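One structure is given here, and the rest of the page talks about it.
All values derive from a computational prediction rather than experimental measurement. Lettering follows sequence order; numbering is per chain, from 1.
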Amino acid sequence: MGVKIKEILPFREVELDHFHGREIAIDAMNTLYQFLSTIRQYDGTPLKDSEGRVTSHLSGLFYRTSNLVEIGIKPLFVFDGEPPKLKSKTIENRRQIRAEAEKARKKALEKGKKEEARKYAQRSASLSSEMIGQSKTLLSAMGIPWVQAPGEGEAQASRIIQNGDAWGTGSQDFDSLLYGSPVLVRNLTITGKRKLPGKDKYKQISPEVFEIEKIFEKHDIDRKKLIAIGILVGTDYNEGIKGIGPNKALKRVKEDGDIEEIIESADKVDVMEVDPLEIEKLFLEPDVTDDYSIKWAPPNPEEIKRFLCEKHDFSESRVETGIERLEKGVGERAQESLEKWT
DNA sequence: CACAAATA
DNA sequence: TATTTGTGG
């Protein structure tokens with residue numbers, strides 16, 4: 001779930017077309033997981049093709065990306081590689097939560113409690129390697145670049161931004177800020193409406209832009225101190241310290257400094273289950289590569305239709321409008337590169 | 001979540 | 001045109 005530090009991070013809400021002409025390195029796993037868990041029917045059943053293969057992730061990926069491209073955004077997707085060893089505990093925890101949710105889902109369904117079944121279905125959702133492969137195939141047919149990270153996708157995405165090859169990272173999680181991404185975009189969605197947890201109320205959702213410099217400025221901290229805040233409240237690599245949320249962590253960091261200085265100032269931190277300096281290093285020097293290429297291309301309509309319509313039973317007319325949007329985006333990009341020379 | 005038809 | 005509702009695969 002990433003680091004829970006939202007409440008101390010300044011951000012601004014913008015319109016979707018604020019990102020016109022900008023390249024955004026999207027955390028593929030984060031996005032696909034969201035599609036897989038939310039694109040479901042009332043009882044929690046995901047979308048499936050006639051052979052019973054789940055297609056929720058493909059639906060979300062295709063339609064949303066088409067829309068982003070149409071309005072002139074240049075998305076690229078970054079896929080996770082091997083997680084650091086320190087993440088294994090978190091991975092095992094998540095696996096267990098999913099397994100238990102799956103049991104609860106079946107139970108709720110037997111009792112005819114569809115809404116409850118849906119809740120557990122969302123919680124039990126997990127991406128298979130097949131789904132990831134399908135997503136890469138689809139993106140390639142759409143002319144959308146994707147990058148295979150050696151390690152964490154968010155770390156690789158951040159590296160791409162730091163290299164100047166894209167404008168910002170796209171994810172619901174804040175980890176990329178700790179990995180050094182100067183800009184993070186959340187809620188990069190089309191509809192702008194989301195169901196509030198629990199009630200049947202809907203609230204307007206807008207894209208949010210987080211700028212690392214604004215965060216540093218507001219709290220008078222630096223990247224190492226931001227990482228220290230993360231370590232204190234908990235990351236994918238450690239549980240954090242009980243009773244310390246973002247506000248207390250910020251206070252501590254302002255008093256003591258980065259994680260090394262916090263350790264030296266003793267008290268409390270010794271309850272940490274792993275070496276905090278090791279975690280800091282995972283954020284400061286993550287496993288990333290500069291061996292990637294990012295190129296947007298026109299979509300291949302035949303390939304897209306063969307894959308989505310013939311293989312996975314998508315509606316031909318819907319897919320065609322998606323393709324038209326992608327083609328409109330090609331025009332946007334041509335316009336953009338033309339303007340650079342004027 | 002996003003699409004598209006129905007409805008206001 | 002803007003919002004709601006049922007469906008997509």
Side-chain angles (χ1 to χ4, degrees), chain A residues 1 15-17 19 24 26-73 75 77 109 114-115 117-128 130-135 137-139 141-142 144 170-173 185-208 299 301 303-329:
Chain A
M1 314 287 126
E15 299 292 311
L16 210 45
D17 52 356
F19 306 110
I24 303 189
I26 298 172
D27 177 357
M29 299 302 175
N30 184 276
T31 303
L32 292 174
Y33 177 78
Q34 234 119 37
F35 289 142
L36 182 63
S37 73
T38 57
I39 304 184
R40 282 163 191 268
Q41 6 196 58
Y42 192 64
D43 67 353
T45 311
L47 301 184
K48 293 175 186 168
D49 63 23
S50 58
E51 311 235 330
R53 293 172 296 209
V54 173
T55 55
S56 295
H57 58 302
L58 298 176
S59 176
L61 184 64
F62 178 69
Y63 294 120
R64 179 187 288 177
T65 307
S66 303
N67 273 294
L68 296 181
V69 167
E70 182 183 29
I71 59 178
I73 297 174
F77 289 80
L109 208 56
K114 293 191 177 182
E115 201 174 348
R118 186 168 169 278
K119 198 175 74 188
Y120 287 121
Q122 298 194 74
R123 210 172 292 173
S124 72
S126 86
L127 283 167
S128 68
E130 190 186 8
M131 290 170 175
I132 290 161
Q134 292 165 345
S135 302
T137 299
L138 176 59
L139 287 170
M142 292 169 74
I144 304 301
S171 178
Q172 292 304 99
D173 290 344
V185 181
R186 294 181 82 236
N187 302 339
L188 201 64
T189 60
I190 308 310
T191 50
K193 263 186 176 181
R194 185 170 300 170
K195 201 160 177 255
L196 285 170
K199 284 283 167 258
D200 288 337
K201 293 263 183 180
Y202 285 82
K203 80 161 183 172
Q204 188 62 35
I205 294 288
S206 314
E208 301 168 346
E303 222 174 289
I304 293 172
K305 282 195 228 170
R306 213 178 310 130
F307 185 71
L308 288 182
C309 304
E310 288 176 37
K311 191 161 188 185
H312 294 294
D313 305 308
F314 276 56
S315 143
E316 190 135 355
S317 72
R318 284 185 177 203
V319 167
E320 267 161 9
T321 66
I323 291 170
E324 279 164 28
R325 287 172 176 161
L326 290 169
E327 283 167 341
K328 206 172 146 196

Encode nucleotides 3-8 of chain B as B, S and - characters from 5' to 3', where the letter depends on protein heavy atoms closer than 4.0 Å: B to the base, S only to sugar-phosphate, - to neither.
BS----
Sidechain-backbone polar pair: A:S56 side chain, A:I39 backbone, donor-acceptor under 3.5 Å:
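Flag set: sc A:S56 to bb A:I39 pair under 3.5 Å.
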Closer than 3.5 angstrom, by distance alone: can the side chain of A:Q172 be matched with the main-chain N or O of A:N187 as a donor-acceptor pair?
yes
Using the side chain to side chain contact (heavy atoms under 4.5 Å, CB included) criterion, which residues pair with A:S171? Sequence neighbours excluded.
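Only A:D27, A:N30, A:E154, A:D173, A:L184 meet the side chain to side chain contact (heavy atoms under 4.5 Å, CB included) criterion with A:S171.
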Residue list, side chain to side chain contact (heavy atoms under 4.5 Å, CB included) with A:T321, at least two apart or on another chain
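Here no residue qualifies.
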Set of residues satisfying ring pair (Phe, Tyr, Trp, His ring centres under 6.0 Å) with respect to A:F19, sequence neighbours excluded:
A:W167
How would you list, by chain and number, every residue that makes a ring pair (Phe, Tyr, Trp, His ring centres under 6.0 Å) with A:F307, sequence neighbours excluded?
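A:H312.
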Those residues of residues 41-62 of chain A lying under 4.0 Å from DNA chain B by at least one heavy atom
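Close to the strand, none.
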DNA chain B-proximal residues of residues 29-39 of chain A, any heavy atom under 4.0 Å
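Under 4.0 Å from DNA chain B: A:F35, A:T38, A:I39.
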Could you list the residues that satisfy salt bridge (Lys or Arg N to Asp or Glu O under 4.0 Å) with A:R53, not counting sequence neighbours?
A:D49
Suppose we screen for salt bridge (Lys or Arg N to Asp or Glu O under 4.0 Å). Which residues come up paired with A:K328, at least two apart in sequence or across chains?
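Testing A:K328 for salt bridge (Lys or Arg N to Asp or Glu O under 4.0 Å), a comparison that skips the adjacent residues, returns A:E70.
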What's the spacing between A:T189 OG1 and A:L16 CG if we round to 0.5 Å?
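Reported to 0.5 Å precision, the distance equals 7.0 Å.
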Rounded to the nearest 0.5 Å, what separation is found between the CG atom of A:L32 and the CG atom of A:L61?
5.5 Å
Here the residues of residues 303-316 of chain A within 4.0 Å heavy-atom distance, strictly under, of DNA chain C are A:H312, A:D313, A:F314, A:S315
Applying salt bridge (charged side-chain N to carboxylate O under 4.0 Å, His left out), which residue pairs with at least one partner in residues 313-322 of chain A are found, sequence neighbours left out?
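As it turns out, the salt bridge (charged side-chain N to carboxylate O under 4.0 Å, His left out) pairs with a partner in residues 313-322 of chain A, which skip direct neighbours, are A:K305-A:E320.
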Roughly how many Å is it from CG in A:L138 to P in C:dG9, rounded to a whole number?
14 Å
Which residues pass the side-chain hydrogen bond (donor to acceptor under 3.5 Å, both in side chains) test with A:E303, sequence neighbours left out?
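Listed in chain order: A:N300.
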